[in-house]
Amino acid sequence: MLLTFYGVRGSIPSPSPHTVKYGGNTSCVHAELASGQDLVFDAGTGLRVAGQHLARKSGPVYIALTHQHWDHIQGYPFFAPIYQPERDIKVLTSAPSTHEVLCSLLEQMDGFNFPLKATDLPSRAECIFGHAQRFLAARGIDVQTQALNHPGGGSAYRLNDEGVSCAYVTDNELSPPQAPGTSYEEWVAFCQGVDVLIHDAQYTDADMPHKHGWGHSLIAQVRQLALDAEVGALVMFHHDPERTDGELDEIQRENERFFTGQRAPAASYCAREGQRLRLTPRPGSGTTRVEVC
């Protein structure tokens, strides 16, 4: 499995001289499977650059949305494959369908909010509502889902592929003020032993209590989850738009100090645009090599 990070910010795009290193585009991660199939997590503004790569490939593209907030859908009108004749685009969302055909990605292309209408595109786009796990399983893609603790709801994904695994858990509050839809113990079980955990880590302790209940986790909570779930590598994701490169560098140094001497994770990263992680099983060892490439 090859993971490529195209958008790592949360809430709103944040281009700035102070965000050049880690990037300012919103959520988008591409997973290329051992079979060559393409699964994209979220369609934030990072999807534009992901599309430049995927337009050079053939075959269907599967886009798994965690939820339908703006920062997770705004890249879709600029996704090159949707302009390719007969290209299959399958959008998977946990949201129940209130329309026969349209979902949030397509609705924004209505001729008013965007100059083109989704119905005028030459590609074949389809929205699959509420059945991502079953739909992908029928195509040989093994995913599990878990309900996010986030205003409006949503889904996290665990992807298993030829002996390797990753969990994509963004816009998730590990300790919300109200009774959680998914408890901390359930998150530990969902992420248990995953080779790569990509988790929302938008807030610092200083952001609280003002932002408690906004649907995002504290960096300290995510570190603890990585320990408790014994993950192979941790990738902190969905950086706050106000977080500068220098501040993220310091968080990375704090991660390295915190995890020194711990049994897990073996590596930790603050996600940055363009970062690629290759997951390769080590034959006969039952372990996975996670390589930055």
Side-chain angles (χ1 to χ4, degrees), residues 5 7-16 18-19 22-29 41-47 64-75 93-96 104-105 108 145-157 167-188 190-191 197-226 228-229 234-245 247-248 250-252 254-255 268 270-273:
F5 293 80
V8 302
R9 289 282 167 176
S11 303
I12 191 170
S14 53
S16 159
H18 306 293
T19 60
Y22 290 90
N25 281 304
T26 60
S27 301
C28 181
V29 178
F41 294 113
D42 279 326
T45 56
L47 188 66
L65 295 182
T66 53
H67 62 304
Q68 301 182 71
H69 287 170
W70 283 115
D71 55 325
H72 291 256
I73 68 170
Q74 284 179 308
T93 172
S94 62
S104 60
L105 293 192
Q108 62 186 315
T145 61
Q146 185 70 47
L148 295 170
N149 298 326
H150 193 66
S155 288
Y157 298 90
Y168 180 76
V169 189
T170 191
D171 292 61
N172 182 54
E173 190 162 7
L174 287 167
S175 182
Q178 70 280 358
T182 297
S183 69
Y184 182 78
E185 292 73 20
E186 289 173 315
W187 283 120
V188 171
F190 182 75
C191 300
L197 169 61
I198 304 165
H199 198 290
D200 181 304
Q202 184 161 344
Y203 295 149
T204 65
D205 290 347
D207 292 320
M208 297 301 173
H210 175 61
K211 296 180 180 179
H212 196 198
W214 287 25
H216 304 283
S217 291
L218 289 171
I219 291 166
Q221 294 170 332
V222 176
R223 289 180 181 137
Q224 190 61 47
L225 176 63
D228 292 341
L234 170 65
V235 182
M236 290 188 170
F237 189 72
H238 209 268
H239 308 312
D240 193 272
E242 301 301 325
R243 204 78 64 222
T244 66
D245 288 335
E247 289 169 332
L248 287 170
E250 179 55 32
I251 290 168
Q252 179 63 40
E254 290 172 359
N255 286 348
S268 64
C270 288
R272 60 175 176 79
E273 286 181 29

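We number each residue from 1, following the sequence as shown.
Interatomic distance, CG of Leu218 versus OH of Tyr203, reported as 9.5 Å (0.5 Å rounding). Separating the CG atom in Asp42 from the CZ atom in Phe237 is a distance of 7.0 Å, to the nearest 0.5 Å. Atom NE2 in His18 sits 10.5 Å away from atom CD in Glu247 (nearest 0.5 Å). From Met208, atom CE reaches atom OG of Ser175 across 9.0 Å, with rounding to the nearest 0.5 Å. Atoms CZ and OG1, from Arg272 and Thr19 in turn, are 14.5 Å apart once rounded to the nearest 0.5 Å. In this structure, Ile73 CD1 and His67 NE2 are separated by 9.5 Å, a value rounded to the nearest 0.5 Å.
Side-chain atoms of Asn172 and Trp187, non-hydrogen and from C-beta on, do get closer than 4.5 Å to each other. Between Leu174 and Gln224 the shortest side-chain heavy-atom distance does not fall below 4.5 Å. Contact annotation: the side chain of Ser14 never approaches that of Tyr22 to less than 4.5 Å [non-hydrogen atoms, C-beta and beyond]. For the pair Leu248 and Met236, the minimum side-chain heavy-atom distance is 4.5 Å or more. Within the 4.5 Å cutoff, the side chain of His199 has no heavy atoms near those of the Gln221 side chain.
In this structure a side-chain-to-backbone donor-acceptor pair under 3.5 Å is missing from Thr26 to Gly44. The backbone N or O of His212 lies less than 3.5 Å from no partner atom in the side chain of Glu173, so there is not a single donor-acceptor pair. Asn149 contributes a side-chain N or O that, together with a main-chain N or O of Thr182, makes up a donor-acceptor pair within less than 3.5 Å. Side chain of Tyr157 to backbone of Leu65: a donor-acceptor contact under 3.5 angstrom is found. Of the possible polar contacts, none joining the Asp200 side chain to the Val169 backbone as a donor-acceptor pair under 3.5 Å is found. Side-chain atoms of His69 do not come within 3.5 Å of backbone N or O of Ser11 as any donor-acceptor pair.
Summarising the geometry of Gly181 relative to Glu186, their closest heavy-atom pair is O-OE1, 4.1 Å, with the distance given to 0.1 Å. Nearest approach of Pro15 to Pro13, heavy atoms of both residues: CD-C, 3.4 Å. Smallest separation of non-hydrogen atoms from Pro177 and Gly213: CD-CA, 3.5 Å. Residues Leu225 and Val188 come closest through the heavy atom pair CD1-CG2, 3.8 Å. When all heavy atoms are compared, the tightest approach of Ala43 to Leu105 is CB-CD2, 4.0 Å. For the residue pair Gln202 and Gly10, the shortest heavy atom distance occurs at OE1-CA, 4.4 Å.
When ring centroids are compared, His150 and His216 come within the 6.0 Å threshold.
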Exercise for review: Decide side-chain contact (heavy atoms from CB on, under 4.5 Å) for Asp71 and His238; before the verdict, give the C-alpha distance in whole Å, the side-chain angles of both, and the deciding distance to 0.1 Å.
Suggested key: CA-CA 10 Å; Asp71 55 325; His238 209 268; 3.4 Å; yes

Practice item. Begin with the C-alpha distance, continue with both residues' side-chain angles, and end with the deciding distance and a verdict on side-chain contact (heavy atoms from CB on, under 4.5 Å) for Ile219 and Glu254. Key: CA-CA 10 Å; Ile219 291 166; Glu254 290 172 359; 5.6 Å; no

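Looking at residues two or more places apart in sequence or on another chain, you find a salt bridge (charged side-chain N to carboxylate O under 4.0 Å, His left out) between Glu250 and Arg253, Arg257. With sequence neighbours excluded, the residues forming a side chain to side chain contact (heavy atoms under 4.5 Å, CB included) with Ser268 are Leu234, Gln252, Asn255, Phe259, listed by chain and number.
Residue pairs meeting the salt bridge (charged side-chain N to carboxylate O under 4.0 Å, His left out) criterion with at least one member in residues 203-219, sequence neighbours excluded: Asp207-Arg243, Lys211-Asp240.
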